[in-house]
Enquirer: 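Below: one structure in structure tokens.
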Amino acid sequence: MRTVTPGQLAQLQGNPQNVRNICILAHVDHGKTTLADVLVASNGVISKRLAGKLRYLDSRADEQIRGITMKSSAISLQFQKESEDYLVNLIDSPGHVDFSSEVSTAVRLCDGAVVVVDVVEGVCPQTHAVLRQAWLENIKPVLVLNKVDRLITELKNSPMEAHLVLQQVLEQVNSIMGNLFSTDVMKKGTTEDSTNAVKEPTVATEDHVFDYSLELDHTDDSNLYFSPEQGNVVFASAIDGWGFRLEHFAKQYASKLNIKEDILQKVLWGDFYVHSKTKRVMKGAQAKGKKPLFVQFVLENVWAVYDAVLVRRDKEKVEKIVKSLNVTLSARDARHNDPRVLLQAVCGQWLPLSEAVLAMTVDQLPSPLQISPEKVEHLMCQTAQRFDSLPQPTQKLKQDFLMCSAEDSAPVIVFISKMFSVDPKVLPHNRPRPLTQEEIEKKRELARQRHQEKLAALTSQTQEPQQEQATEENGNNTCSTTILTNKKEKVDDDSNVFVGFARVFSGKVKRGQQLYILGPKHNPLHALQQLSDAPGDLSQLKHVAAVMVEDLYLLMGKELETVDEVPAGNILGIGGLQAHVLKSATVSSTIACPAFSPVYLDAAPIVRVAVEPKHAGDMSALMQGLRLLNQADSSVEVLVQESGEHVLVTAGEVHLQRCLDDLTQRFAKIELNVSDPMVPFRETIIPPPKVDMVNEVIDHDTNRITKSGKEATDEKIKWGGPVLVQTPNKLCSLKVSAMPLPEDISNLLDNNADLLRTLDKMTKSSGDISRHQAERAKVTAETLNRLTELKSTLEAKFAQAGKHYRGAIDQIWAFGPRRNGPNILLNRVAGYQRPSVWDSIDKGEVKSAAQFRPFDHAIGSGFQLATLAGPLCEEPLMGVCFMVEEWTMHGQLSEKRTTKNNDALTNDFSNAAVSREEETRTEGESVSSEHSDASDTVGTSMSPCSHFVSPREHRLSQGVDEDSESSGDDSDRETAESDFMNRHGPFTGQLISTMKEACRRAFQKHPQRLMAAMYTCDIQATADVLGKMYAVLGRKNGKVLREDMNESLSVFSIQAALPVAESFGFAEEIRKKTSGLASPQLVFSHWEVVNSDPFWEPITEEELMHFGEKADSENQGRLYMNSVRRRKGLYVDEKIVEHAEKQRTLSKNK
Ligand SMILES: Nc1nc2c(ncn2[C@@H]2O[C@H](COP(=O)(O)OP(=O)(O)OP(=O)(O)O)[C@@H](O)[C@H]2O)c(=O)[nH]1
Ligand SMILES: [Mg+2]
């Protein structure tokens, strides 16, 4: 029976000082949902007996079956402490790495987090990840050390050993906090340092050295760490329903030991003991071999209860304990066959877990009123944007965030972090609701009347009134059935209702209120300007929509309760915005409100599959289903490729399965054909290998035959060297060479793609000084600083990379693909001084685009296309450096005319090509999703260049025509020339495709390799299943990177690298082979070169002897390459028929 009504909860919302918005975070299976159950049971939503078994917040069927949480869900709870009523808005989040985006959406709405750690498994990769996430979102964590019962029942630890384990786990968690803190201090330090340096350029650099250690010493970190003494740690067993803070025992023993409670709390955890004679607390328990206080007064008591109830089942002792703990047992619990029930009844009353966790939440975690100015700025500014670059009315809103006022005068600011779909049947207006007291009275009265009428009818023995009544009753029945069917039809009509998962940051949202929905790309500056030009005209504003708030809900797990208004500082559900909000949005009463900064996503989705309906007629249902799925899931991406295929991009195998289940059972309700997962690859080149396949040293001076290059089939080539390619109209020739980038450089570029994107934005605006300055002003000092740092790191790495890269830092022409990828184009054309890409950050000097040679951008575009799809299987390149060594313009098209006409033209063109590229990229993207992935535009990149060029064709020929009019002398020759040019298409297009071709050929002159996406996989396993686990790892081409043994727990933790391509079914296989004892967590980590040459065939005698002429043994590189080529419908060079002879039985006669 619920102890708190929704009405009471809604009332509590009005006092933000007593509101706490918290989420539970942890690694998978560390007990979040079990803990949430216990907290939910404290409000009577579920029975205490079922807490831990029901997993109330795992409301999906597949969550219950698989036993893992897949979405975050919220519930509002009431808690009373010292006669104050508090409202705790609790969000349970998933721990599986595939659903980490759900964690991000939850963390965004909270002020605090309860981090749960399983004391047996200790700190795991996701524990690390969630602590980092909480740190980045500026929310305060508290700690629950869970599953302490496992130390007693499974590991059979003594209290002393358990104390040691608990200390170790606490240390591990605190070391993560320490690392996060020190990196943050250093980052802030360098930023402040650089801002000071900008302000006072005259200060000598020696005086300006930033002393990190000094800063670390000065910054207050006392509240940073988890320490039981401070009351931010709970020791718990969620499954048995108990948990405590030191406070509990300090209170209990203060009078017994005659020590003040607060002093006892300080010494109860640490290295202290009670001197047996003096009865005083002394330090140095460990050194003197004494029992620490925590062991003596806390753990031994807990151990004693477990021993009596679970191990010995000693009834007398149990009775004694029950009496001494002052616990009342129901007869049913006392007689129950399962001792665990008895244990839970005793411990649950002795050390109630909900009490401990909720009291810690209320004491330690901030209320919405305590939101920090840094957090507000972080929410209001997009990445790399400065707060003071926002317009004034927007900056003023910061004060409203800080006030968190629910007054009518305060602007309404709400952030929707995700949209979730609910079954319309659970919506309050579709649900049979319990009757109110008045209604019950009315019904009772009616029944009484009817009864009396019946009696009266019987006594008078008249027929008529009876008939009347019957007809009346029938009438009522039909009426109610029609109402029912009406309702049912309505439900079927919109079988998917979306509710926004949101929080009010300022003001009060009311039903029927008119508000603005601001999309993730809303820019208050533009919007305010446009609105001042045309007041009241919203149609001009692309990312703003005016809506009326239809429904507001109190989130109660899978149930929703309607409320009329929600004041600032609370988490809520908003209905009726389905048509306007895709995944996330800001809702406000003013358009000066900025779109909130995007939710931080830890892992990019990587597993892609193509889906199609089993029956072709269901195509429209599929498309509708995909649209709904895209809206309902914060991390899925739905793309329609150029080929027309519908592609789902998901975070991992489990996520994929959930998306497919949702599609087939809920959103599309059709049968699907699903392709094998399409795994992305990268293409690269490597330095020539030193040994061949049989480990013989290769002499590179004696040329080798290879099939990889086109020319190579008929002539002998040497590795590397430049290629010379001419445009089809023979007016221009390019000499391009390629070389592999050192791994650390390509990784550096890959990891800093966001910085390169910012650099590109600044460089793009470099033609226009005012635009450039505006663009630069938006960028924070921190980003500028990081860019400078990136430049110097890159310079240092080039210096280490050898003589080939001498001076490369200033020769960089572009990064690619998409102008921010891990490949570089260098300008090595003698005498061509083009401005450096770094000019826009170095002192902000702006160089005019007119300094570029004509057609400069065409070369850049050719490079972008070449890096977007390589020759092996049209996958993007990685770690390749291209160099333009010669760029000769022959004949009349050289400087004379082209400078005149094509200068502006090429600049224009490049912008057109670029924006076209961006358009295609956003096509498949949702409005809110900021992801982009390399391969979704592969189709685009392969489209013929003329496609890009066509709008230009006209203008170029115009330019040539004008010229031919102006220069009378050469007119004949020029007409012939322009005819010649037109025959081959416009020159820019030719140059782009020539550059692309040149890059490809230069690439092919090197040993080519595929790069596979790799997962790191962390597995914990006991010694007896270790062998089986290694066998599975080996079969899947996994490599063990690290193996640690936790001696106290005799558990091995193994870290391995595993190609994503081999990972499907891996987790399942490991689980099966180890009887569920080991379950791996797969996280994308890096790209790794696949060692085998996809074009390899035996050449030397040894190789022929070893592999035979066909060399048909497995070649991983070739297998991957061919599978991708086959999938993309490209030519696959394979022998299909091995022996074209008919099999026959050899008999003597034949
Ligand atoms: N022994 C023991 N088992 C526990 C305890 N708490 C939870 N479990 C068990 O651990 C398993 C996982 O619990 P959940 O609460 O589903 O874990 P979770 O953190 O919500 O998992 P995800 O949501 O999938 O990340 C279940 O089988 C629980 O019964 C505990 O205190 N002691
Ligand atoms: Mg869970």
Side-chain angles (χ1 to χ4, degrees), residues 23-41 46 50-60 62-75 90-103 106 113-127 129-130 133 143-157 162 165-166 169 234-244 302 306 310 339-340 343-344 347-348 351-354 356-357 557-558 651-652 654-655 657-658 1020 1049 1067 1071 1076-1077 1079-1081:
C23 52
I24 311 184
L25 306 175
H27 187 75
V28 64
D29 266 358
H30 279 201
K32 295 175 290 295
T33 313
T34 312
L35 171 63
D37 253 12
V38 179
L39 303 186
V40 170
I46 59 171
L50 285 179
K53 298 182 189 81
L54 198 62
R55 290 193 289 119
Y56 178 71
L57 293 180
D58 283 355
S59 48
R60 295 171 54 103
D62 48 359
E63 285 179 323
Q64 288 288 343
I65 294 168
R66 276 184 182 256
I68 60 168
T69 309
M70 298 187 180
K71 48 138 195 26
S72 44
S73 45
I75 189 159
L90 175 85
I91 306 180
D92 178 33
S93 67
H96 195 285
V97 61
D98 279 13
F99 305 106
S100 61
S101 68
E102 287 283 323
V103 180
V114 176
V115 177
V116 181
V117 179
D118 176 343
V119 290
V120 174
E121 291 196 355
V123 168
C124 292
Q126 278 312 99
T127 318
V130 295
Q133 236 164 6
L143 185 67
V144 172
L145 293 176
N146 192 26
K147 304 202 186 181
V148 176
D149 63 300
R150 288 182 71 188
L151 298 177
I152 313 173
T153 52
E154 281 178 36
L155 302 180
K156 312 259 184 290
N157 279 165
V165 172
L166 293 174
V169 176
V234 162
F235 301 90
S237 163
I239 197 100
D240 291 336
W242 61 263
F244 60 86
V302 178
Y306 269 78
L310 270 192
R340 205 105 203 178
L343 182 84
Q344 283 160 5
C347 292
L351 304 167
L353 175 59
S354 59
V357 173
K558 67 179 171 194
V654 186
H655 185 211
Q657 196 51 50
R658 205 212 64 196
Q1020 296 217 337
L1049 309 174
R1071 226 171 287 145
L1077 288 176
S1079 69
Q1081 282 278 297

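These numbers were taken from a predicted model, which means no experiment stands behind them. Atoms within each ligand, like the ligands themselves, are counted from 1 in listed order.
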Enquirer: Considering only the protein, which heavy-atom contact is closest to atom 18 (P) of ligand 1, and what is its distance?
Expert: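 Looking only at protein heavy atoms, the one closest to atom 18 (P) of ligand 1 is Lys32 N, 3.5 Å.
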Enquirer: With the threshold set strictly below 4.0 angstrom, can you tell me whether any protein non-hydrogen atom sits that near atom 20 (O) of ligand 1?
Expert: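 It does; a protein heavy atom is within 4.0 Å.
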Enquirer: Considering all heavy atoms of both residues, which atom of Gln344 and which atom of Asp240 are nearest to each other, and what is their separation?
Expert: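 Distance-wise, the nearest heavy atoms are NE2-OD1, 3.4 Å.
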Enquirer: Number the atoms of ligand 1 from 1 as they appear, then name those within less than 4.0 Å of a heavy atom of Asn146, with their elements.
Expert: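 Every atom of ligand 1 under 4.0 Å from some heavy atom of Asn146: 6 (N), 31 (O).
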Enquirer: Judged by atom type as modelled, is there a donor-acceptor pair below 3.5 Å linking the side chain of Gln126 to the main-chain atoms of Val28?
Expert: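 No: the side chain of Gln126 does not pair with the backbone of Val28.
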Enquirer: Which atoms of ligand 1 have any heavy atom of Ile68 under 4.0 Å away?
Expert: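 In order of number, 24 (O).
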Enquirer: So how many protein N, O or S atoms does the Mg ion (ligand 2) have within less than 2.8 Å?
Expert: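 For the Mg ion (ligand 2), the figure is 2.
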Enquirer: Can you list the ligand 1 atoms lying under 4.0 Å from a non-hydrogen atom of Arg55?
Expert: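 Under 4.0 Å from Arg55, ligand 1 has these atoms: 16 (O).
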Enquirer: Looking just at side-chain N and O atoms, do Glu63 and Thr69 make a donor-acceptor pair shorter than 3.5 Å?
Expert: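 No.
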Enquirer: Tell me, please, which residues at least two apart from Ile239 pass side-chain contact (heavy atoms from CB on, under 4.5 Å).
Expert: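 Partners of Ile239 by the side-chain contact (heavy atoms from CB on, under 4.5 Å) criterion, ordered by chain and then number, come out as Thr34, Asp149, Ser237, Arg340.
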Enquirer: Considering only non-hydrogen protein atoms, determine which one is nearest to atom 9 (C) of ligand 1 and report residue, atom name and distance to 0.1 Å.
Expert: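 Protein heavy atom at minimum distance: Lys147 NZ, 3.9 Å.
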Enquirer: Would you mind checking which non-hydrogen protein atom is closest to atom 7 (C) of ligand 1, with the distance to 0.1 Å?
Expert: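 Answer for atom 7 (C) of ligand 1: Thr34 OG1, 3.4 Å.
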Enquirer: What residue and heavy atom of the protein are closest to atom 29 (O) of ligand 1, and at what distance?
Expert: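 Nearest neighbour among protein heavy atoms for atom 29 (O) of ligand 1, to 0.1 Å: Ile239 CD1, 3.0 Å.
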Enquirer: Can you find an N or O of Ala238 that's nearer than 3.5 Å to an N or O of ligand 1?
Expert: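 Ala238 vs ligand 1: N/O contact under 3.5 Å present.
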Enquirer: Give, for atom CD of Gln64 and atom CG of Leu54, the distance between the pair rounded to the nearest 0.5 Å.
Expert: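 CG of Leu54 is found 7.0 Å from CD of Gln64.
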Enquirer: Less than 4.0 Å between atom 26 (C) of ligand 1 and some protein heavy atom, yes or no?
Expert: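 Under 4.0 Å from atom 26 (C) of ligand 1, zero protein heavy atoms found.
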Enquirer: For ligand 1, is there an N or O atom under 3.5 Å from any N or O atom of Asp149?
Expert: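 Indeed, backbone or side chain, Asp149 has an N or O that close.
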Enquirer: If I compare all heavy atoms of Gly31 with all of Asn146, which pair ends up nearest, and what's the gap?
Expert: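 Heavy atoms only, the tightest pair is CA-ND2, 3.7 Å.
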Enquirer: Purely on distance, is any nitrogen or oxygen of Asp29 under 3.5 Å from one on ligand 1?
Expert: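 By distance alone, the answer is yes.
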Enquirer: Could you tell me which residues satisfy side-chain contact (heavy atoms from CB on, under 4.5 Å) with Glu154, sequence neighbours excluded, listed by chain and number?
Expert: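 With neighbours one apart ignored, the set is Arg150.
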Enquirer: Side chain to side chain contact (heavy atoms under 4.5 Å, CB included), that's the test. Do Leu25 and Val116 meet it? Break it down for me.
Expert: CA-CA 6 Å; Leu25 306 175; Val116 181; over 6 Å; no
Enquirer: Between Lys32 and Pro94, what is the shortest heavy-atom contact and its length?
Expert: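 Of all heavy-atom pairs spanning Lys32 and Pro94, the closest is CE-C, 3.9 Å.
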Enquirer: Just to verify, what does Arg60 make a salt bridge (charged side-chain N to carboxylate O under 4.0 Å, His left out) with, not counting sequence neighbours?
Expert: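 Only Asp62, Asp662 meet the salt bridge (charged side-chain N to carboxylate O under 4.0 Å, His left out) criterion with Arg60.
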Enquirer: Mind listing the closest non-hydrogen atom pair of Leu90 and Ala36 along with its distance?
Expert: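 Smallest interatomic distance, heavy atoms only, reads CD2-CB, 4.2 Å.
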Enquirer: Can an N or O of Gly31 be found at a distance shorter than 3.5 Å from an N or O of ligand 1?
Expert: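 For ligand 1, there is an N or O atom that lies under 3.5 Å from one belonging to Gly31.
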Enquirer: Does any donor atom in the side chain of Glu121 or His30 lie under 3.5 Å from an acceptor atom in the other side chain?
Expert: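 Yes - a donor-acceptor pair under 3.5 Å links their side chains.
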Enquirer: Any atoms of ligand 1 less than 4.0 Å from a non-hydrogen atom of Arg150? List them with their elements.
Expert: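 Answer, ordered by atom number: 1 (N).
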Enquirer: Between the side chains of Asp118 and Lys147, is the shortest nitrogen-to-carboxylate-oxygen separation below 4.0 Å, so that they form an ion pair?
Expert: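 Looking at Asp118 together with Lys147, the answer is yes, because their closest N to O distance falls below 4.0 Å.
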Enquirer: Taking 4.0 Å as the limit for heavy-atom contacts, which would you say applies to Val28 with ligand 1: side chain only, backbone only, both, or neither?
Expert: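 Both backbone and side chain of Val28 come within 4.0 Å of ligand 1.
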Enquirer: Using a plain distance cutoff, I'd like to know if Gly52 has any nitrogen or oxygen under 3.5 Å from a nitrogen or oxygen of ligand 1.
Expert: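 No - when backbone and side-chain N and O of Gly52 are compared with those of ligand 1, no distance drops under 3.5 Å.
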Enquirer: Compare every heavy atom of Gly122 with every heavy atom of Val117, then report the nearest pair and how far apart it is.
Expert: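 So the two residues come closest at CG1-O, 3.6 Å.
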Enquirer: Report yes if some N/O of Thr69 lies less than 3.5 Å from some N/O of ligand 1; otherwise report no.
Expert: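 Yes - when backbone and side-chain N and O of Thr69 are compared with those of ligand 1, one distance drops under 3.5 Å.
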